[in-house]
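As structure tokens, the structure follows; a few thoughts come after it.
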Amino acid sequence: MDFKLTDEQVKLRKQFFDVCEELGNQKPEGFIGLEGSYDTDEGWEYHLWCAKEFAKRNWLTLGWPKEYGGQGTIMDKVFLSEATGYYDIPGVDIFGVDMLAPTLHATASEEIKREFLPSIASGERMWCELWSEPNAGSDLAALSASAVRQGDEYVINGQKTWNTGAHRAHWAFALVRTDPHAERKQKGITFILFDMKTPGITVKPLKYMDGCHLYNEVFLDGVRVPAKNIVGQENEGWTVTQTLANFERSSLGAIMAMHRQLEELVSYCNETKVRGEPLAKNPLIRSRIAQVACDLWAAHALAYRIAGAQSKSEMAAFDASAVKVFSGELQARMAQLGCEILGPYGQVKHSRWASFEGFFEKWYQQSFILNVAMGTNEIQRNIIAWYGLGLPRMK
Amino acid sequence: MDITFTEEQEMLKKSARDFLAAECPKTRVRELEEDEKGYAMAGLGWMGLAIPEEYDGMGMTFQALTILLEEMGRNVLPGPFSCTVVQGAYAILEAGSEAQKKEFLPKIANGKAIFTTALLEPGGVYYDAAGISLKATDQGDNFVLKGTKVFVEMANVADYIICAARTKEEANSEDGVSLFIVDAKSLGLRCEVMPTIAFDKLCEVRFEDVAVPKGNLLGELDKGWATV
Ligand SMILES: Cc1cc2nc3c(=O)[nH]c(=O)nc-3n(C[C@H](O)[C@H](O)[C@H](O)COP(=O)(O)OP(=O)(O)OC[C@H]3O[C@@H](n4cnc5c(N)ncnc54)[C@H](O)[C@@H]3O)c2cc1C
């Protein structure tokens, strides 16, 4: 194992950090995390603008095959996510760039790739994920939204839920049931793409606990989608979703965001005096910050190991689960520590009373997202138990 | 230690639970957060529970009050109940003159006055006496208060604010702090709700030369910290 970067990697990584720092100058006030992109018009415009800035530099295609305009390696994409994470810069669509593009590369027909990859590369088309349903979350294969073939269209009916950014996204990738009679629930599911402006789609806000508009319920009533828009084979959509496990899942973006938070906290503790002494001299605070710093470096080392293994196609299925659990829970702990150190001010939202534009209050509330979205930590622990430790599989 | 409830306490618990379940179901809790008139009224009927009977209260014990608070917590009842009763009424019971008790306790018991307490000031993070710098100056019939308090619970709906102010600079910061019962409608008093994670109506209260009658000094001059 060798974490030493080549000179070229060091140069490129620095370039990513420099550009992200500069993009950060245009950031709307109070823009924080995932909510930043989706909650306000201003934030969404900024997201689109950053996407164009990255596209200009061909950075939305890092690790893609050359024939589709790709450049660089998966490792380069990891470095970019470190930079966007550290400066909290949007623009790399988590659905289009991070999830759909690699899915298409791995499983889609040439025609689909030629049709849908260019607008992801150019940062023009933003995507949302319509997978979860009221009765299908962890047990995603239980999904029931149906798609019935009529001529050269599918007609889709059903309800999706928790769909991040569906009120802003241009297009959706969805999972629908095309064979209700399949012998296993994983069979008979199809992966399909459609325009969010298609008639029959109703998007209703589901407010996040802090009141922000992050995710939605999406109702599909007789939505007609060209049959050619499926990815992979009809009824084989579950296999398509399984390829996601092999994508960049090092969590390095989230980890770099935590490095930033830690730096903010440390400088706050150095600068803030209570009873004549800087907080940094309070032994309780020092010890808790030091503990979080140790955990953070452990998470960082784990993430680099996984990114390295992944770029050589040597990643085991449970490796990414381990780093997701560890860094997700660390994020929650660190945001809480931030709120505690700020004392009563830790609970104040972005306003003239809040320190750091309400940064820690927001992070605290968003820190739960990683532990639920994309497979809850309980599910990740099950995966580690089955595949990693060889414990019996529970039904 | 006997931590079982008496029959009377069990009855109190049940009637509080039934009342709250009917009057303030979970759906109402969210509505109340946005409804200033609504949350200001929440729990008013119970204000007198632990106030002595001679001041129009029901004369029950502090333990009875904790049973009620537990039920209110169980129901997530928003509102100024605890700051009025636990902070306001008890401070007056402990430190108030007979005249103050006669004036304010029946109002609280009858649900006619909401109280809160103003301690923390901008920049302060500990609830300690050194953080009290809002100045109260003796000006004949009145003390005049000047300064800013933050995180004052429910000040936006309060009728009275018990304010900890500095009346004398002493080497020991606990000396020289006095408490004042300030009419929330006083001239020069400005209140703004701070947005917080729990939407719990913590307020910034600015005192711009607010005149408080001397009769509203709560407890002994310069010796208020013990009550805090
Ligand atoms: C911020 C956020 C954004 C999201 N964005 C999207 C999106 O864009 N598109 C989309 O399709 N979905 C999205 N989701 C949905 C997300 O994928 C689901 O919430 C997640 O898969 C969990 O499903 P559920 O909410 O139905 O919980 P459930 O599956 O009902 O789980 C409830 C609890 O039971 C536990 N549990 C369930 N099964 C097991 C088991 N076998 N063993 C042990 N414990 C178990 C879970 O860990 C959890 O604690 C988002 C969720 C969040 C929080």
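Because only heavy atoms are used, hydrogens play no part in the values below, and waters and symmetry mates are left out as well, while side chains stay in. In what follows, chains are A, B, ... by sequence order, proteins preceding strands, each numbered from 1. Here the structure is a predicted model, which means the values were calculated and not measured.
The 12-atom threshold is exceeded at CZ of R260(A), counting heavy atoms of other residues, nucleotides or ligands nearer than 6.0 Å. For K214(B), the NZ atom counts as densely surrounded, since its 6.0 Å shell holds more than 12 non-hydrogen atoms of other residues, nucleotides or ligands. Around CG of N135(A), the count of heavy atoms belonging to other residues, nucleotides or ligands within 6.0 Å does not exceed 12. Counting non-hydrogen atoms of other residues, nucleotides and ligands closer than 6.0 Å to CD of E263(A) gives a total above 12. Within a 6.0 Å sphere centred on CD of E42(A), other residues, nucleotides and ligands contribute 12 heavy atoms or fewer.
In this structure, the separation between CE on M194(B) and CD on Q347(A) is 7.5 Å, given to the nearest 0.5 Å.
Contacts from residues 350-366 of chain A to chain B, taken as heavy-atom pairs separated by less than 4.5 Å, involve H350(A), S351(A), R352(A), W353(A), E361(A), Y364(A), Q365(A) in sequence order.
Of the atoms belonging to V348(A), heavy atoms from both backbone and side chain fall under 4.5 Å from chain B.
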